[in-house]
Asks: 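Structure in structure tokens, see below.
What you see is a predicted model, and the numbers here were worked out from it, not measured in a lab. Values below: every heavy atom of this structure, side chains too, minus hydrogens, waters and symmetry copies.
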Number of protein chains: 2
Amino acid sequence: MLNTNENDYQLGVSMRNGNRCMGGWLRGKLKGCGYKMTLAREAILDVIVKNNDHLSAEDIYLKVMSSFPGVGLATIYRTLEILVCRQILYKFDFGDGVARYELAESKDFKGSKGHHHHLVCTKCSKVVDYTDFIDKEVKLLNETEEELSKKYNFNITNHFIQFYGLCERCRSKR
Amino acid sequence: MLNTNENDYQLGVSMRNGNRCMGGWLRGKLKGCGYKMTLAREAILDVIVKNNDHLSAEDIYLKVMSSFPGVGLATIYRTLEILVCRQILYKFDFGDGVARYELAESKDFKGSKGHHHHLVCTKCSKVVDYTDFIDKEVKLLNETEEELSKKYNFNITNHFIQFYGLCERCRSKR
DNA sequence: CTCAATGCAAATCTTTTGCATGCTA
DNA sequence: TAGCATGCAAAAGATTTGCATTGAG
């Protein structure tokens, strides 16, 4: 969907470490942890970087298939697991029993969306990313996080907010 | 786990409508919608009321089995679906691929926990209910909700917050 | 050359569904 | 008695795993 070259260009401009694009940066991040870079993994990273939009494993599989036919669905799952572990991806559940993934935020590259939360339609599963009020929200969450960490002896690494409701289209249907 | 009689007693005191306990109130709520009250449904409601603590369908199934052997797992799922639809239960996903349920809050009975959110250990799936800072949190969420509703034309019915991290025990293990 | 990574197929696990039968209202 | 609710078994759907083979470093 995205224009590849434009994407590479923007990222190239902001990074001078020899990697031409975010894909390169991610490759480095994986290799640095001892993972081998394979054609399958390249293709998967590529798809994720260029379609950063709540993709499911199946979505990714289908897209990877077109650039690298013969890839196995199991490889997609295995790679996604690594990427989630390495905190390169976030894994979400929007309530339909299918895991979805998006690039984690990182100050090191601009391809990821900024910090945002989700507004999910319980009928059609449409997802809106919103960033409105994020600052206030994040401030409160950070405070809460800190206090909860102390009180319950948790090492909190993440939070998750979602609003659920009916989108305009689904509402007018009934 | 809970003391049944004590539970019934407390609830009995607060309700004078002919139902002796929250289970009775719930039964009324179901019947009022045209659902038939069956032994299976009675048993399921009973288990939920007396073990209101993030139970999975399987958990509920096993507990119901002991008071009503012969119940089918499918019946558990079918009943839970109704209860969620009727907003008697909330359905949660704590990230381990298993749906969990707890009584929705209601001003009409006291058996439900108050409004709270969850702190989930990503290692052992332990869940802490916390109510700290809930007021501030809820205030912010309500504001956000209202503004999001307007801006994105969503009819927002629900929100969901969760913090993730490592609990003390899991942290010390590694 | 070594061992991590892969593809495929089978297995697993949760949840849903079809259908003949039972039970509530 | 009518038709909703049930149990059972099978199906569905997402994800994981075992294993022989491939390929990156």
Asks: Please enumerate all residues that pass side-chain hydrogen bond (donor to acceptor under 3.5 Å, both in side chains) together with A:Tyr164, with sequence neighbours excluded.
Replies: A:Gln162
Asks: Please identify each residue that fulfils ring pair (Phe, Tyr, Trp, His ring centres under 6.0 Å) with B:Tyr152, with sequence neighbours left out.
Replies: none
Asks: Grab the CG-P distance between A:Leu45 and C:dA5 for me, whole Å please.
Replies: 13 Å
Asks: Could you tell me whether the side chain of B:Thr157 reaches within less than 4.5 Å of the side chain of A:Leu166, counting heavy atoms only?
Replies: no
Asks: Measure the distance from OH on A:Tyr61 to P on D:dA14 and round it to the nearest whole Å.
Replies: 13 Å
Asks: Is there a side-chain contact between A:Asn51 and A:Asp59, using heavy atoms and a 4.5 Å cut-off?
Replies: no
Asks: Please identify each residue that fulfils side-chain hydrogen bond (donor to acceptor under 3.5 Å, both in side chains) with B:Glu147, with sequence neighbours left out.
Replies: none
Asks: Restricting to ring pair (Phe, Tyr, Trp, His ring centres under 6.0 Å), what partner residues turn up for A:His116, sequence neighbours left out?
Replies: A:His118
Asks: Report the distance from atom CZ of A:Phe68 to atom C1' of D:dG23, rounded to the nearest whole Å.
Replies: 11 Å
Asks: If each of B:Arg100 and B:Arg78 is mapped to the nucleotide of DNA chain C with the nearest heavy atom, which maps nearer the 5' terminus, i.e. the 5' end?
Replies: B:Arg100
Asks: I'd like to check the ring pair (Phe, Tyr, Trp, His ring centres under 6.0 Å) partners of A:Phe160; sequence neighbours left out, ordered by chain and number.
Replies: A:Phe92, B:Phe160
Asks: Is there a side chain to side chain contact (heavy atoms under 4.5 Å, CB included) between B:Asp132 and A:Thr144 once you walk through the steps?
Replies: CA-CA 8 Å; B:Asp132 314 79; A:Thr144 308; over 6 Å; no
Asks: A:Thr122: what forms a side-chain hydrogen bond (donor to acceptor under 3.5 Å, both in side chains) with it, not counting sequence neighbours?
Replies: none
Asks: What integer distance in Å separates B:Arg27:CZ from D:dA5:C1'?
Replies: 17 Å
Asks: Could you give the CG-to-P distance, from A:Leu80 to D:dT15, as a whole number of Å?
Replies: 9 Å
Asks: Throw together a table of side-chain donor-acceptor distances under 3.5 angstrom for residues 72-85 of chain A, partners on residues two or more places apart or in other chains.
Replies:
{"from": "A:Thr79", "atom 1": "OG1", "to": "A:Thr75", "atom 2": "O", "distance (Å)": "2.8"}

Asks: Side-chain heavy atoms under 4.5 angstrom apart, residues restricted to Ile, Leu, Val, Met, Phe, Trp, Tyr: same cluster for B:Val128 and B:Val98?
Replies: no
Asks: Check the interface with nucleotides 10-14 of chain C: list each N/O to N/O pair with the protein under 3.5 Å, or write none.
Replies:
none

Asks: Using a cut-off of under 3.5 Å, enumerate the N/O to N/O pairs linking the protein to nucleotides 20-22 of chain D.
Replies:
none

Asks: Could you give the side-chain donor-acceptor pairs of residues 135-143 of chain B under 3.5 Å, partners two or more places apart or in another chain?
Replies:
{"from": "B:Lys136", "atom 1": "NZ", "to": "A:Glu143", "atom 2": "OE1", "distance (Å)": "3.1"}
{"from": "B:Glu137", "atom 1": "OE1", "to": "B:His117", "atom 2": "ND1", "distance (Å)": "2.4"}
{"from": "B:Glu137", "atom 1": "OE1", "to": "B:Tyr130", "atom 2": "OH", "distance (Å)": "3.4"}
{"from": "B:Glu137", "atom 1": "OE2", "to": "B:Tyr130", "atom 2": "OH", "distance (Å)": "3.3"}
{"from": "B:Lys139", "atom 1": "NZ", "to": "B:Glu143", "atom 2": "OE2", "distance (Å)": "3.4"}
{"from": "B:Asn142", "atom 1": "ND2", "to": "B:Val138", "atom 2": "O", "distance (Å)": "3.4"}
{"from": "B:Glu143", "atom 1": "OE1", "to": "A:Lys136", "atom 2": "NZ", "distance (Å)": "3.1"}

Asks: Can you tell me how far P of D:dT15 sits from CG of B:Asp96, to the nearest Å?
Replies: 13 Å
Asks: Below 4.5 Å, heavy atoms only, C-beta onward: do A:Asp46 and A:Phe68 meet side chain to side chain?
Replies: no
Asks: Under 4.5 Å between any side-chain heavy atoms of B:Leu119 and B:Val127, yes or no?
Replies: no
Asks: Provide, to the nearest angstrom, the distance between the CD atom belonging to A:Glu81 and the P atom belonging to C:dA5.
Replies: 12 Å
Asks: From C-beta outward on A:Lys31, which listed nucleotide comes closest to its side chain: D:dT6, D:dG25, C:dT15?
Replies: D:dG25
Asks: Between the two end axes of the helix from C:dC1-D:dG25 to C:dA25-D:dT1, each built from 5 base pairs, what angle do you get to the nearest 10°?
Replies: 40°
Asks: For DNA chain C, determine which residues of residues 34-42 of chain A have any heavy atom closer than 4.0 angstrom to one of its atoms, and list them numerically.
Replies: A:Tyr35, A:Lys36, A:Thr38, A:Ala40, A:Arg41
Asks: Separation of A:Ile76 atom CD1 from D:dG13 atom P, in whole Å?
Replies: 20 Å
